[in-house]
**Student:** 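This is the structure I have questions about; it appears just below.
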Amino acid sequence: MKENIKTTFSSAFEEDVHIGLTTYPKYLLSKYIYDKKGDKLFQDIMNLPEYYLTNCEFNILKDHTSEITEIFKSDNGFDLIELGAGDGKKTKLLLKELVAQKIHFNYLPIDISENVLLELEDSLKKEIPEVQVKIQQGTYFKTLEKLSDYNTRKKVILVLGSNIGNLLHTDAIDFLKHIQIAMSDEDMLFMGFDQKKDPEIILEAYNDKTGVTAAFNKNLLARINSELGGNFNLETFSHWETYDPESGTAKSFLVSREEQNVSIESLGIDIHFDAWETIHTEISQKYDDAVVEWLAEEAGLKVTHSFVDEKKYYKNYIFKKQ
Ligand code: AVJ
């Protein structure tokens, strides 16, 4: 047992890195990938030919725009609240249609990244100036608490990109439950879930030939280096992806190619790695209807509609309160 275990930290990042790298097996939380460089790398991932998720969801929204906006609209207008808005490329399909149909709504994009939100606001001003937009920076869980403040008229909550896939089922249920509690009977949740499919296609989506996903994964180490004074040598770690077709879980790892010590100045510790020791960094869960219905049921929600792309790679579901 270690003595002098550090108990005060100057940020959640510091504390979570300390916990994750001093436990066995080691892990880091994927939410910390997204600093400015991580945001940029994720944009690059969305443009990869292997990363089918973005195009599939784009196609679903493009092919069913009027059907979806018809379901969303309400006589006295509604609030469209998007969690993890990103660049809004997919959402803009819906926004344009809502504007064209002269449907009354406010758009409230929420994202963890202030940069991303400011860019989104700017692009909306140029492309669809009619949209009433109010950006909000924050983590999912903090903003979930604020959701129930929007209770004077119908609200539609959007969670695109299969972002829920980063959560273990128990956490996903918890997340859905928080949303459900903030919902009224007429409110809707519109959410993307990447589907189980040929394991080869899933593996390739997280193991692209050009190494963008590897750089994205290793950004966790780069961030520890720049923010916490770490001395990780990124070249001594390999990106490794696995997919279990039974559970539908894709898992990302960083594997130390050699025995080494890495020091992290602001934590005042040296981390030992055995050769081939792993750091688990991310899960990207894949779903089918039965699992989505089970998650919904557990969270007090029910599926009312679903939309699928041509290849049946991806689905968007609409949920209401049970
Ligand atoms: C943003 C969580 C949906 O898991 O597919 C992409 C993140 N990780 N490539 C995903 C990611 C590696 C992405 N999500």
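Both counts, for ligands and for their atoms, begin at 1 and track the order of listing.
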**Student:** State, without any angle test, whether Tyr313 and Asp194 hold a side-chain donor-acceptor pair at a distance under 3.5 Å.
**Tutor:**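 Per modelled atom types, Tyr313 and Asp194 side chains form no pair under 3.5 Å.
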**Student:** What residue pairs, at least two apart or across chains, pass salt bridge (Lys or Arg N to Asp or Glu O under 4.0 Å) with a residue in residues 209-233?
**Tutor:**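 Of all non-adjacent pairs touching residues 209-233, those that pass salt bridge (Lys or Arg N to Asp or Glu O under 4.0 Å) are Arg223-Glu227.
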**Student:** Please say whether the positively charged group of Lys154, taken as NZ for Lys or CZ for Arg, lies over the ring of Phe105, i.e. under 6.0 angstrom from the six-membered ring centre and within 45 degrees of the axis.
**Tutor:**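 Geometry flag: not set, cation outside 6.0 Å or 45°.
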**Student:** Show the short N or O contacts, below 3.5 Å, that ligand 1 makes with protein N or O atoms; if there are none, say 'none'.
**Tutor:**
{"residue": "ligand 1", "atom": "4 (O)", "partner": "Ser284", "partner atom": "OG", "Å": "2.6"}
{"residue": "ligand 1", "atom": "5 (O)", "partner": "Tyr51", "partner atom": "OH", "Å": "2.5"}
{"residue": "ligand 1", "atom": "5 (O)", "partner": "Tyr206", "partner atom": "OH", "Å": "2.5"}
{"residue": "ligand 1", "atom": "8 (N)", "partner": "Glu282", "partner atom": "OE1", "Å": "2.8"}
{"residue": "ligand 1", "atom": "8 (N)", "partner": "Glu282", "partner atom": "OE2", "Å": "3.1"}

**Student:** Which other residues end up in the same hydrophobic cluster as Trp276, if Ile, Leu, Val, Met, Phe, Trp and Tyr are linked when side-chain heavy atoms come under 4.5 Å apart?
**Tutor:**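 Its cluster partners, ordered by chain and number, are Trp240, Phe253, Val255.
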**Student:** Suppose we screen for salt bridge (charged side-chain N to carboxylate O under 4.0 Å, His left out). Which residues come up paired with Asp171, at least two apart in sequence or across chains?
**Tutor:** none
**Student:** Decide whether a cation-pi geometry holds between Lys89 and Phe58; the criteria are a distance under 6.0 Å from NZ or CZ to the six-membered ring centre and an angle within 45° of the ring axis.
**Tutor:** yes
